[in-house]
Amino acid sequence: RWLGAIGLMDVPRAEAAAVIDRLRRLGIGQTVMLSGDNQGVADAVAAQVGVGDARGDLMPEGKVTEISALRDGGGRVGMVGDGVNDAPAMARANVGIAMGAAGSDVALETADVALMADDLNALPFAVDLSRRTSRVIKQNLWASLGIVAVLIPATGWLADRFGIRRVFLAAIVVFTVASAGCALSTSLPMLIGMRVLQGVGGAMMVPVGRLAVLRASSKADLVRAIALLTWPALAAPVLAPAIGGAIATAGGWRWIFIVNIPLGVIGFALALKLIRGGPAARPDRLDWPGLMLVGTGIAAGLIGLESMR
């Protein structure tokens, strides 16, 4: 005869409801629970923690189908899971997030982000941190685009108006001083401001330096001069990340900017001795419509390249 029954229940985490509410306040309006339990249990748990939509009776392939449907709906999907059954769906999501301490090895290897403290409260923090990081990256990008789009097309006029030598020396000074400012930065806004100033110096220095070499070269040496200018430009994107990474690893990120200071001093001394070229006798007026059109074109091209996936 029956003496009784024993029921087992996998209860929600104590912090789950608060985490869902914080995510909603961060602007994540749609939350969906994918569960292998029957639909009745899924609905009950979802109501308890505040999840907007619950989908139960799902095998691993069913979870993948649901994630694919959410992505096809036009949204970016983040999947939080901890088990082997969650790994395929996490791989299909835009961002897979694994609960580190309790997660399986497969889930951890599949995930893009692992919450190693096994604390759901880290999830809203990670979302907010990623958005703030994205904003900083975009601020730097737009500042760089603005500098490149305006100053590079204007350098020819600046060189004619004030002289190649003066503009190039001024560019070196601005770049070197800004590098020192970056190294001494005590806050993120200060670092961004110094990086913008550094970009101003760099945007003037590179084209004016090339212009100085080309104007000082005879027609017979023109091809050789162009080659000498081109090879460093091709080698720098390959070598610079490795060298910069080694410097940052060995001495910290500030040393990436500190090394520019002695280089700037040496460059200034060499430019002072070697570069000639005063203002043009009758400099042309700045072509403002042309500058705006060229700047807009350069900015549009750079935005397109940055947006490519």
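Just so it is clear, the model here is predicted, and its values are computed rather than measured.
Of all non-hydrogen atoms in Ala54 and Ala42, the two that sit nearest each other are CB-O, 3.5 Å. Residues Thr176 and Gly264 approach most closely at OG1-CA, 3.3 Å, considering heavy atoms. What you find for Asn94 and Arg71 is that their closest heavy atoms are ND2-NH2, 3.3 Å. The minimum heavy-atom distance linking Gly50 with Thr31 is given by the pair O-OG1, 4.3 Å. Closest approach of Gln39 to Gly56, counting heavy atoms only: OE1-N, 2.7 Å. Taking each heavy atom of Met190 and Gly181 in turn, the nearest pair found is CE-O, 4.0 Å.
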Does Gln198 form a side chain to side chain contact (heavy atoms under 4.5 Å, CB included) with Asn260? I'd like the steps, not just the answer. CA-CA 11 Å; Gln198 189 184 46; Asn260 289 330; 3.6 Å; yes
Go through it in stages, so that I can follow the logic: the residues are Leu34 and Val32, the test is side chain to side chain contact (heavy atoms under 4.5 Å, CB included), and I'd like the CA-CA distance, side-chain angles, deciding distance and then a yes or no. CA-CA 6 Å; Leu34 306 180; Val32 182; 3.8 Å; yes
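When side chains are defined from C-beta on, Cys182 counts as touching Arg195, because their heavy atoms get closer than 4.5 Å. No side-chain heavy atom of Met33 sits under 4.5 Å from any side-chain heavy atom of Asp53. Within the 4.5 Å cutoff, side-chain heavy atoms of Ile67 are placed close to those of Met79. Between Leu26 and Pro124, some side-chain heavy-atom pair lies under the 4.5 Å cut-off. Proximity of Leu272 to Arg165: side-chain heavy atoms (C-beta onward) are separated by under 4.5 Å at one or more points. Contact check for Arg13 versus Val19: no side-chain heavy atoms found under the 4.5 Å cut-off.
Grouping Ile, Leu, Val, Met, Phe, Trp and Tyr by side-chain contacts under 4.5 Å, direct or through others, leaves Val64 on its own. Alongside Val259, the hydrophobic cluster contains Leu239, Ile243, Ile247, Trp255, Ile256, Ile258 (criterion: ILVMFWY side chains under 4.5 Å). Side-chain heavy-atom separations under 4.5 angstrom define the hydrophobic clusters, and the remaining members of the one that includes Phe125 are Leu129.
By the side-chain contact (heavy atoms from CB on, under 4.5 Å) test, Leu197 is found to be paired with Val174, Ala178, Met194, residues two or more places apart in sequence or in another chain being considered. Partners of Asn121 by side chain to side chain donor-acceptor pair (under 3.5 Å), not counting sequence neighbours, listed by chain and number: Arg22, Asp119. Take Arg25 and apply the salt bridge (charged side-chain N to carboxylate O under 4.0 Å, His left out) test, not counting sequence neighbours, and it matches Asp21.
Using a distance-only test at 3.5 Å, with no hydrogens or angles considered, no donor-acceptor pair links the side chain of Ser185 to the main chain of Ser187. Side-chain atoms of Ser134 do not come within 3.5 Å of backbone N or O of Arg131 as any donor-acceptor pair. Side-chain N or O atoms of Ser179 include none that pairs as donor or acceptor with a backbone N or O of Ile261 at under 3.5 Å. Distance alone, capped at 3.5 Å, is enough to place a donor-acceptor pair between the Asn38 side chain and the Val41 backbone.
Note: the hydrophobic cluster containing Leu58 also contains Leu70 (ILVMFWY, side chain heavy atoms under 4.5 Å, direct or indirect links). Both Phe268 and Val208 are members of a single hydrophobic cluster when ILVMFWY side chains are connected at heavy-atom separations under 4.5 Å. Tracing side-chain contacts under 4.5 Å through hydrophobic residues (I, L, V, M, F, W, Y), one never reaches Val206 starting from Ile164; they form parts of separate clusters. Phe168 and Val173 fall within a single hydrophobic cluster, where Ile, Leu, Val, Met, Phe, Trp and Tyr are joined by side-chain heavy atoms under 4.5 Å apart, directly or via other members. Following chains of ILVMFWY side-chain contacts shorter than 4.5 Å, one cannot reach Leu115 starting from Met90, and the two form parts of different hydrophobic clusters.
The CD1 atom of Ile266 sits 11.5 Å away from atom CD1 of Ile172, with the distance rounded to the nearest 0.5 Å. Atom OG1 of Thr65 and atom CZ of Arg92 lie 10.0 Å apart (nearest 0.5 Å). Rounded to the nearest 0.5 Å, atoms CZ (Arg166) and CG (Leu158) are 13.0 Å apart. Taken to the nearest 0.5 Å, the CE atom of Met99 stands 11.5 Å off from the CG atom of Asp86.
For Arg55, the CZ atom counts as densely surrounded, since its 6.0 Å shell holds more than 12 non-hydrogen atoms of other residues, nucleotides or ligands. Atom CZ of Arg210 is surrounded by 12 or fewer heavy atoms from other residues, nucleotides or ligands within 6.0 Å.
Of the candidates Ile97, Val95, Ile28, Ile28 is the only one forming a side-chain contact (heavy atoms from CB on, under 4.5 Å) with Val127.
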